[in-house]
Protein chains: 2
Amino acid sequence: MRIGELAQAAGTTAKTLRFYEDQGLLLPAARTASGYRDYGPETLARLDFIHRGQAAALTLAQIRQILQIRDSGTAPCEHVRELLGMRLAEVDEQIAELGRLRETIAQLRAAAEDVEPETCQAGAVCVYL
Amino acid sequence: MRIGELAQAAGTTAKTLRFYEDQGLLLPAARTASGYRDYGPETLARLDFIHRGQAAALTLAQIRQILQIRDSGTAPCEHVRELLGMRLAEVDEQIAELGRLRETIAQLRAAAEDVEPETCQAGAVCVYL
DNA sequence: CTTGACCTTCCAGTGTAGTGGAAGGTTGAG
DNA sequence: CTCAACCTTCCACTACACTGGAAGGTCAAG
């Protein structure tokens, strides 16, 4: 399987696959006599895993960690559970923070409704913010 | 007022103020005979405005737009209302997206609880993700 | 034999909001 | 006069996940 074919099958680009190899997410591929990368079908499963990790908002660095544990012959389950727990806590924190931001913005916008431009003071740039 | 003094008064650094000038957020400062930047007190109000904009999660590019409207002599109220409305919609979208992500991760983590590592298949990298 | 689609490497840039550091000039106190 | 603390410009770098493009090699069809 050549790189373009694999990229299409995985829904990504050849450029990205080379990048992943460079970043240690894909193992260095076998090469044909002429130097083309030659992938086995198992690489597609690996790319699917990477995509699932991204769907769970893991960073490429975190996904690489899991992959390296797997590549070393150990089952990465423990680590995956840990990462998912961490991500869950982070996402909860992000949601809470965005909720606070939403309140701030909503109040500012409410205050900015139905006010006349004449009340604007040049020194303050804008009284509504 | 020299740059370090202003930076301290505004709760930021001289480096950042030069960066802001470079980005068009601060007007080029007057200079002393020896080339030092010399700020008037009105710059502090401008920096406060920038900080309020950042607290509302406006980007520096958006804050610059408002500042340029103000600098052109027009009251930026209309534009500020528009930007705040946009930010509100964006934040709502982000919150919704994070909520969906939270569900995805929570389900994955729940499935990963109390399962034995033996069930892991090498080909799939990790069955829980 | 040529054409076009594919592949290779390597270097550079995207956007965000700064930060770090080098090399050199200025200011004010002792 | 010297010294520290300040200032100047300029260039590079951070994290993140790619993307663009140049220069050149390979493969299959016509």
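Throughout, a chain's letter reflects where its sequence line sits, starting with A, and its residues are numbered from 1. Quantities reported herein were computed from a predicted structural model and do not represent experimental measurements.
Distance B/Arg64 CZ to C/dT16 P: 9 Å, rounded to the nearest Å. One interatomic measurement links the two molecules: CG of B/Leu17 to C1' of C/dT19, which rounds to 14 Å at whole-angstrom precision. Atom CG of B/Asp22 is separated from atom P of D/dC10 by 10 Å (rounded to the nearest Å). For A/Leu58 and D/dA17, the CG to P distance is 10 Å, given to the nearest whole Å. Rounded to an integer number of Å, the gap from OH of B/Tyr36 to C1' of D/dC7 is 4 Å. In this structure, B/Arg31 atom CZ and C/dT27 atom P are separated by 13 Å, rounded to whole Å. If you measure from atom CZ of B/Arg37 to atom C1' of D/dT9, you get 9 Å, rounded to the nearest angstrom. Here D/dA15 presents its C1' atom at 13 Å from CD of A/Gln62, a figure rounded to the nearest Å.
Residue A/Gln54 is classed as a sugar-phosphate contact, given heavy-atom separations below 4.0 Å to backbone atoms only. Among the protein residues, A/Thr13 comes within range of the sugar-phosphate backbone only, with heavy atoms under 4.0 Å from sugar or phosphate atoms but none that close to a base.
Summary of the strand contacts: B/Ile3 and B/Lys15 both lie near DNA chain D, and taking for each the nucleotide with the nearest heavy atom, the more 5' one is attributed to B/Ile3. In terms of position on DNA chain D, the residue among A/Ser34 and A/Thr12 whose nearest nucleotide sits closer to the 5' end is A/Thr12. Of the two residues contacting DNA chain C, namely B/Phe19 and B/Thr32, the nearest-nucleotide position lying further toward the 5' end is that of B/Phe19. When each of B/Thr59 and A/Gly35 is assigned the nucleotide of DNA chain C with its nearest heavy atom, A/Gly35 is the one assigned upstream, toward the 5' end.
At a threshold of 4.0 Å, the pair A/Arg100-A/Glu93 counts as salt-bridged, since one of the basic side-chain nitrogens sits closer than that to a carboxylate oxygen. A salt bridge links B/Arg81 to B/Glu78: at least one charged side-chain nitrogen sits closer than 4.0 Å to a carboxylate oxygen.
For the pair B/Arg2 and C/dG28, the criterion of a side-chain N or O lying under 4.0 Å from OP1 or OP2 is not met. At the phosphate of C/dT8, OP1 or OP2 sits under 4.0 Å from a side-chain N or O atom of A/Arg18. Note on B/Thr16: a side-chain N or O is less than 4.0 Å away from OP1 or OP2 of C/dT19.
Closest approach to the B/Leu60 side chain among C/dT8, D/dT8, C/dG18 is made by C/dG18 (side chain taken as heavy atoms from C-beta onward).
Counting only heavy atoms from C-beta outward, the side chains of A/Ile69 and A/Val80 never approach each other to under 4.5 Å. Considering only heavy atoms from C-beta on, A/Leu60 comes within 4.5 Å of A/Gln54 through its side chain.
Note that CD of B/Glu82 is 10.5 Å distant from CD of B/Gln62, once rounded to the nearest 0.5 Å.
B/Tyr20 contributes no side-chain N or O that forms a donor-acceptor pair with the base of C/dG18 under 3.5 Å.
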